[in-house]
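Letters go in sequence order (proteins before strands), and every chain restarts at 1.
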2 protein chains.
Amino acid sequence: MAVSDVTPLRADARRNLERILEAARAAFAERGLDVGVEEIARRAGVGKATFFRRFPSKDALVLAVLEGFIEEIEAAADDAATAADPLDGLRGFLLHHMTLQANNTAFFDAVSARFTGENPPVELTDRMLDAIGRVLAPALAAGVLREGVEAGDLSTVAKMLGAAIRPMPGVLLPEAAWPRYLEVVLSGLRAGQDPLPGIAADPCTMVREVSANSA
Amino acid sequence: MAVSDVTPLRADARRNLERILEAARAAFAERGLDVGVEEIARRAGVGKATFFRRFPSKDALVLAVLEGFIEEIEAAADDAATAADPLDGLRGFLLHHMTLQANNTAFFDAVSARFTGENPPVELTDRMLDAIGRVLAPALAAGVLREGVEAGDLSTVAKMLGAAIRPMPGVLLPEAAWPRYLEVVLSGLRAGQDPLPGIAADPCTMVREVSANSA
DNA sequence: GAAAAGACGGACCGGCCGGTCCGCTTGTGC
DNA sequence: GCACAAGCGGACCGGCCGGTCCGTCTTTTC
């Protein structure tokens, strides 16, 4: 979803595209995906049509913004992977993830809601899974984790922490409480306890659809 | 939000109201709050106007359905409070909560999104908090929990587990994986570890608005 | 069993939002 | 510096959905 370069954009067009992305990031962060295209365009100082000339649809914009986040997560994962203490790396990664979610209220929920089923951004989620694997590997190798921990557990725990941080849309858990819940789940994953019961979540579940019927 | 009884409803009206509630429960469970009033009315075998004659708005219906869930949670809390082993009580309560969330995909998220800020259903959330208190009390008294655990922690953990269960809207974590994440958080809350770091989430945060600005 | 109160439903309204169109403007290559 | 392609914006369209209106039908009551 990067800038197409078959015919290089005119300078002003390129500038506007950048502005739109920036405005969208800000607007999505503040109010979630519900902000209208019109408002985003206005905040970017641009007409609606200009928006649609750059992005085929609102979804495409969302994907583009999402890609930025994935990149950030990948960077955090690389940091974590090179940490001296693998458990600290893991902690740092999850904390970074929490920050990202906190600064982008409702964004991730909305993203997953929007891309449910038919058009999952497989490439992006695969990159995310890779990142998770890179974070987990050193901790697994060092044997600091409870028996049975695997990738699906980490992605699930990340999701759980993301939920903890936003008790309601527009409400943020005070930062002083973050380490508490991070600690709760890390305690639950640390070595020196019984093996984890049950099966791990499928990390791919984050992208593949499995129709779930209620009982 | 119970049935008004100043002028008793005519028999057919009462029957229709019940049908609407039932249809709404089913529809919300399956597809979240996004189902239109029209569809709910159709599923109830009723006209749209009839719907609006019974409920002043869609939100009122949502509240009514929500109240049903609160009642269910209260019942689960009472069960938990009378369990022989307080930790088992806690586990059972959280498991029940997970089931409820699983069977009502996207319902709770949507509810909190809808009632954000201006018109929080204070009475309902207070009842919820009471229930949580009742679950927690025996475990606290028995000293089976890590030092520092309080009500806000339980509500947060419940929210986290609810998130774990729904990796994406329409996708459900396989039931075999539920005990795993329940165990992760319970391990993190059990006595015999360092006191919980940081501060606890404010349980009331689930209802009171605190405007949260992103960094 | 008839009349009045109450309930019914489907057509209708209005606002919102993603997406398009068209006449005007502006950067760009020669 | 000119011509033309590329870009631009705001008016416009159409579908969706919460909510209302009104002519008709059902229940109740005496």
Side-chain angles (χ1 to χ4, degrees), chain A residues 1 3-21 23-24 27-28 30-66 106 110-111 113-116 118-119, chain B residues 1 3-24 27-28 30-65 106 110-111 113-116 118-119:
Chain A
M1 204 51 52
V3 179
S4 88
D5 31 19
V6 290
T7 306
L9 287 172
R10 230 167 67 176
D12 51 348
R14 180 162 204 101
R15 191 180 48 235
N16 281 337
L17 186 154
E18 213 50 56
R19 276 192 195 161
I20 290 171
L21 266 175
F28 288 159
E30 286 169 23
R31 314 215 331 248
L33 283 197
D34 286 345
V35 285
V37 168
E38 177 130 30
E39 174 171 344
I40 292 172
R42 188 161 34 74
R43 288 171 75 145
V46 134
K48 217 168 149 183
T50 298
F51 173 91
F52 281 104
R53 217 167 292 116
R54 287 307 141 236
F55 297 91
S57 68
K58 186 179 175 180
D59 277 359
L61 168 69
V62 173
L63 273 184
V65 173
L66 183 58
V111 165
R114 183 170 282 251
F115 295 110
T116 215
E118 58 295 339
N119 53 350
Chain B
M1 207 49 51
V3 179
S4 88
D5 32 19
V6 290
T7 306
L9 288 171
R10 234 168 64 175
D12 51 349
R14 180 162 203 100
R15 183 169 14 99
N16 280 338
L17 186 154
E18 213 51 55
R19 276 194 196 159
I20 289 171
L21 266 175
E22 196 138 341
F28 288 159
E30 286 170 22
R31 316 217 328 249
L33 284 197
D34 285 345
V35 285
V37 168
E38 177 130 32
E39 175 170 344
I40 292 172
R42 187 160 34 73
R43 288 170 75 144
V46 132
K48 216 168 151 184
T50 298
F51 173 92
F52 281 104
R53 216 168 290 114
R54 290 303 144 237
F55 296 91
S57 68
K58 185 179 175 181
D59 277 359
L61 168 70
V62 172
L63 273 184
V65 173
V111 165
R114 183 170 284 250
F115 295 110
T116 214
E118 58 295 337
N119 55 349

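Using modelled atom types, one side-chain atom of A:K58 and one backbone atom of A:L33 make a donor-acceptor pair closer than 3.5 Å.
Contacts with DNA chain D (heavy atom under 4.0 Å) in residues 41-52 of chain A: A:G45, A:V46, A:G47, A:A49, A:T50, listed by number.
Atoms CD (B:E39) and P (D:dG18) sit 11 Å apart, rounded to a whole Å. Straight-line distance from the CZ atom of B:R31 to the C1' atom of D:dC16: 13 Å, rounded to whole Å. What separates CD1 of A:I40 from P of C:dG19 is a distance of 11 Å, to the nearest Å. As rounded to whole Å, 11 Å separates atom P of D:dG9 from atom CZ of A:R54. Separating the CD1 atom of B:I20 from the P atom of D:dG19 is a distance of 14 Å, rounded to the nearest angstrom. In this structure, the CG atom of A:D34 is 12 Å from the C1' atom of C:dC16, given to the nearest Å. The interatomic distance linking A:L17 (CG) with D:dC8 (C1') rounds to 14 Å, in whole Å.
For the atom pair A:D12 CG and A:R14 CZ, the distance stands at 12.0 Å (nearest 0.5 Å). In this structure, A:L66 CG and A:D59 CG are separated by 11.0 Å, a value rounded to the nearest 0.5 Å. Residue A:L9 holds its CG atom at 10.0 Å from CG of A:N16, rounded to the nearest 0.5 Å.
For B:R15, the salt bridge (Lys or Arg N to Asp or Glu O under 4.0 Å) criterion is met by no residue, not counting sequence neighbours. The side chain to side chain contact (heavy atoms under 4.5 Å, CB included) search around A:R42 returns A:E39, not counting sequence neighbours.
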For a quick test of your reading: what N or O donor-acceptor pairs under 3.5 Å do the side chains of residues 46-56 of chain B make, sequence neighbours left out?
none

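Looking at A:E38 and A:R43, no side-chain N of the basic residue comes within less than 4.0 Å of a carboxylate O on the acidic one, giving no salt bridge.
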Checklist entry - Under the side chain to side chain contact (heavy atoms under 4.5 Å, CB included) criterion, do A:L61 and A:L21 qualify, and how do the steps go? => result CA-CA 8 Å; A:L61 168 69; A:L21 266 175; 4.1 Å; yes
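Where A:E38 and A:N16 meet DNA chain D, the nucleotide closest to each residue was compared, and A:N16 sits on the side nearer the 5' end.
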Show the distances under 3.5 angstrom between N or O atoms of the protein and N or O atoms of nucleotides 27-30 of chain C.
| residue | atom | partner | partner atom | Å |
| --- | --- | --- | --- | --- |
| C:dT28 | OP1 | A:A11 | N | 3.4 |

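Judged by distance alone, with hydrogens and angles left aside, A:R53 brings no side-chain donor or acceptor close enough to the base of C:dG19 to form a pair under 3.5 Å.
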